[in-house]
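Scroll down for the structure; my scribbles are underneath it.
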Amino acid sequence: MAAPSAAQRIVIENAAIATVDANDTEYATGHLVVADNKIESIGAGKAPEGLENVVRRIDATGHLITPGLVNTHHHFYQWITRGLATDHNLFNWLVALYPTWARIDEQMVRVAAQGSLAMMARGGVTTAMDHHYVYPQGSGDLSGAIIGAASDMGVRFTLARGSMDRSQKDGGLPPDFAVETTEGALAATEETVKKFHDASFDSMTQVAVAPCSPFSISTELLREGAALGRRLGVRMHTHGSETVEEEKFCHELFGMGPTDYFESTGFLGEDVWMAHCVHMNDSDIAAFARTKTGVAHCPSSNARLAAGIARVPDMLRAGVPVGLGVDGTASNESGELHTELRNALLINRLGAHREAALNARQALRLGTYGGAEVLGRADSIGSLEAGKLADFVLWKIDGLGHSSIADPVTAIVFGAAAPVTASFVNGKQIVENNRLLTADEDRIARDARTEAQRLARIAAQA
């Protein structure tokens, strides 16, 4: 029997390091050693002497190393409908855009996924997710297209397989031809989980059960979705408490607020995370803390749609797991997560807690470990620790935008968006000097424009 091959090592030295571990350990000048796809060692000063099979050495002087950013909420397909309905609140925005979204097809979704992923990845995202819930009849293999795009990009990925079964004829917002039947949605979701979900420690693809939102799904779909997720042993996701209009909708239709409604259907728990959660009272936050339900905080989208300021400081103090989300790029046209670190901090300081709301390190934790916790992957990603997967970013902080800020974490959170010199996922480099190594950004840009124009023509003709 042949002996197993020795691990190949990458040695990175002379960097500032923010580990985002349980103790927020940081090194002013330290090293990181990668063995194959895992972190072998991390610490102050130079790497250990005598390491074997070192295939690459990186002098990271002038850089901060952090865990890779983790995105916890997105809608990739919206990449080709950016810049529309820019002065609308959520409900009016949805009414304006659903007729266009309902006409997407596999080619459009593939290209939109490539654009969304590329924008995030070159800005330091190493784990992405997509909540895709629009499955028009005859549109092709949309889930396969999205997962394929993430695999080609080399990004760790969770597909939240969404669904809608409440259309306009039933009092919902989507057009009648844009929804699935309840039974069809559940069956397709189960098929997607069984085909694509990988529960292993170093999994690159996972799938969650994700009915869309209270105003686009039936109570049966929500309840049966929770049962399906638990039967299959996967996580669950949906939108919740995003706007005051949603709060009113739930009280009128169900006789209770969104959080109580979700709990009544089994859709709270440590295996659930919810997008937005802007309008949460003390009782709602207590329910999330008690059940360990996670939150995907999307500050830019919440501001863009005038939804409000989520009570993130109160959630964190109560023990609610919170990560950051880009949200769909029809409500956050930049499509970047590293800018959400800054926006989360600044917007939350406009709330009741003012300057004590969040600090730079809390913002970084939201975008890294917090996101890993929300996606159920905190054992393998989200912090830089020996034995965890080698997902990390080298931020350049000695250039014009950051060189005069003494504290490296303050530099990347409070300062301009820091350049990404290198980003690694599973021990493999996917970004170098702010450019993707795994995809042609210029081709993606051209293709996205073509598909956006094609979708606009189809929607106009309809």
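Bear in mind that the values here come from a model prediction, so they are computed numbers and not experimental data.
The existence of a salt bridge linking D442 and R446 is excluded, since no basic side-chain nitrogen approaches an acidic carboxylate oxygen closer than 4.0 Å. Between E191 and K195 there is no salt bridge, since none of the side-chain N atoms of the basic residue sits less than 4.0 Å from a carboxylate O of the acidic one. Between E52 and R9, none of the side-chain N atoms (NZ, or NE/NH1/NH2) sits under 4.0 Å from a carboxylate O, so this pair counts as no salt bridge. Here R365 pairs with D24 in a salt bridge; the nearest charged N to carboxylate O distance falls below 4.0 Å. A salt bridge between R304 and E333 is present, with a side-chain N of the basic residue lying under 4.0 Å from a carboxylate O of the acidic one. Between E26 and R361 there is a salt bridge, since at least one side-chain N of the basic residue sits less than 4.0 Å from a carboxylate O of the acidic one. Classification of R449 and D447 as a salt-bridged pair fails, no side-chain N sitting under 4.0 Å from a carboxylate O.
A cation-pi arrangement, defined by a distance under 6.0 Å to the six-membered ring centre and an angle within 45 degrees of its axis, is present between R161 and Y135.
Counted by atom type alone, T61 and D59 present one or more donor-acceptor pairs between their side chains at under 3.5 Å.
Of the residues D398, T421, N14, the one that meets the side-chain hydrogen bond (donor to acceptor under 3.5 Å, both in side chains) test with H63 is T421.
Using a distance-only test at 3.5 Å, with no hydrogens or angles considered, no donor-acceptor pair links the side chain of H73 to the main chain of A296.
Considering CD1 of I10 and CD of Q429, their distance stands at 8.0 Å, rounded to 0.5 Å.
Under a cut-off of 6.0 angstrom, the local environment of CD in Q453 is crowded, with over 12 non-hydrogen atoms contributed by other residues, nucleotides or ligands. Within a 6.0 Å sphere centred on CZ of R443, other residues, nucleotides and ligands contribute more than 12 heavy atoms.
Between H237 and H239, the two ring planes are tilted [angle within 30° to 60°].
Judged as a ring-ring contact (aromatic ring centres under 6.0 Å, His included), and not counting sequence neighbours, the contacts of Y77 are W101, H132, Y133.
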